[in-house]
Peer 1: 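The structure is given below, and queries will be raised subsequently.
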Amino acid sequence: MESACIFCKIAAGEASAALVYQDEQVTAFRDIHPVAPTHILIVPRRHIVSVNQASAEDEAVLGRLFLAAGKIAAQEGIALGGYRLIVNTNAHAGQTVFHLHMHLIGGQPLRYPMG
Ligand code: DGP
């Protein structure tokens with residue numbers, strides 16, 4: 001755990017967030033600045049800075065992010081309508097929180113590409 005990392009604190013229950021899913025590897029909570037009716041962040045509970053720092057030992061948790069996304073989309077009632085998964089990495093993608101996270105965005109038709 002990185003003590004200065006807000007997503008580590010949320011995953012550890014030391015900072016508040018609207019949690020929607022949790023298991024032993026990942027935590028998911030509503031984004032504080034939603035861009036669509038459903039906007040959830042799914043994060044590894046263990047600190048990984050970004051995809052650039054992910055290693056072979058992270059393979060299971062990276063897979064778990066996708067499995068959690070599918071479960072949460074069903075839970076939120078947006079699986080059939082569709083949704084988008086985004087993982088921003090570094091400045092050109094606009095990453096602002098340096099704890100790897102997957103955005104799950106849906107609940108309305110989405111434009112593509114963005115930005
Ligand atoms: P990114 O640009 O991919 O690094 O997105 C970071 C997202 O994290 C951004 O959409 C806002 C969200 N966020 C930042 N701080 C917090 C927080 O303390 N709580 C919650 N729920 N979301 C946060």
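Counting convention: from 1, in listed order, for ligands and their atoms alike.
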Peer 1: Show the numbers, then the answer: is there a side-chain contact (heavy atoms from CB on, under 4.5 Å) between Ile86 and Ile105?
Peer 2: CA-CA 8 Å; Ile86 298 171; Ile105 297 170; 3.9 Å; yes

Peer 1: Roughly how far, to the nearest 0.5 Å, is the CG atom of Leu104 from the CG atom of Leu65?
Peer 2: 11.0 Å

Peer 1: I need the atoms of ligand 1 closer than 4.0 Å to a non-hydrogen atom of Gln95, numbered in the order shown.
Peer 2: 2 (O), 4 (O)

Peer 1: Can you list the atoms of ligand 1 that are under 4.0 Å from a heavy atom of Thr96?
Peer 2: 1 (P), 2 (O), 4 (O), 5 (O), 6 (C)

Peer 1: Testing the basics here: between Gln95 and Thr89, what is the closest heavy-atom pair and its distance to 0.1 Å?
Peer 2: OE1-CA, 3.4 Å

Peer 1: What protein heavy atom sits nearest atom 10 (O) of ligand 1, and how far off is it?
Peer 2: Asp31 OD2, 2.5 Å

Peer 1: For ligand 1, does His103 get within less than 4.0 Å through its side chain, its backbone, both, or neither, judged by non-hydrogen atoms?
Peer 2: side chain

Peer 1: Taking only heavy atoms of Ile6 into account, list the atoms of ligand 1 that are under 4.0 Å away from them.
Peer 2: 18 (O)

Peer 1: Just jot down the ligand 1 atoms closer than 4.0 angstrom to any heavy atom of Val97, in number order.
Peer 2: 4 (O), 6 (C), 14 (C)

Peer 1: Look at atom 23 (C) of ligand 1 and say which protein heavy atom is nearest, naming residue and atom and giving the distance to 0.1 Å.
Peer 2: Ile32 CG2, 3.5 Å

Peer 1: Need the ligand 1 atom indices (1-based, order shown) with element for anything under 4.0 Å from a heavy-atom of Asn88.
Peer 2: 1 (P), 2 (O), 3 (O)

Peer 1: Give a yes or no answer on whether the side chain of Arg45 reaches the backbone of Gln22 with a donor-acceptor pair at less than 3.5 Å.
Peer 2: no

Peer 1: Tell me: protein heavy atom nearest atom 1 (P) of ligand 1, and distance?
Peer 2: His101 NE2, 3.1 Å

Peer 1: Tell me whether the rings of Phe29 and Phe7 are parallel (<30°), tilted (30 to 60°) or perpendicular (>60°).
Peer 2: perpendicular

Peer 1: Under the criterion side-chain contact (heavy atoms from CB on, under 4.5 Å), I'd like the reasoning laid out for Glu14 against Met1: C-alpha separation, chi angles, the key distance, then a yes or no.
Peer 2: CA-CA 11 Å; Glu14 293 174 10; Met1 162 147 181; 3.2 Å; yes

Peer 1: Counting heavy atoms only, which of Phe98, Phe7, Phe29 comes nearest to atom 15 (N) of ligand 1?
Peer 2: Phe7

Peer 1: Quick check: does His33 get an N/O under 3.5 Å from an N/O on ligand 1?
Peer 2: no

Peer 1: Quick one: salt bridge (Lys or Arg N to Asp or Glu O under 4.0 Å) pairs with a partner in residues 18-42, sequence neighbours left out?
Peer 2: Asp23-Arg64, Glu24-Arg64, Arg30-Glu76

Peer 1: Can you tell me which portion of Ile86 lies within the under-4.0 Å heavy-atom range of ligand 1? Options are side chain, backbone, both, or neither.
Peer 2: neither

Peer 1: Among protein heavy atoms, which sits nearest to atom 21 (N) of ligand 1, and what does the distance come to when rounded to 0.1 Å?
Peer 2: Arg30 O, 2.9 Å

Peer 1: What distance separates Tyr21 OH from Gln75 CD, expressed to the nearest 0.5 Å?
Peer 2: 9.0 Å

Peer 1: What distance do Leu62 atom CG and Met102 atom CE have between them, rounded to the nearest 0.5 Å?
Peer 2: 8.5 Å

Peer 1: Just jot down the ligand 1 atoms closer than 4.0 angstrom to any heavy atom of Gly94, in number order.
Peer 2: 1 (P), 2 (O)

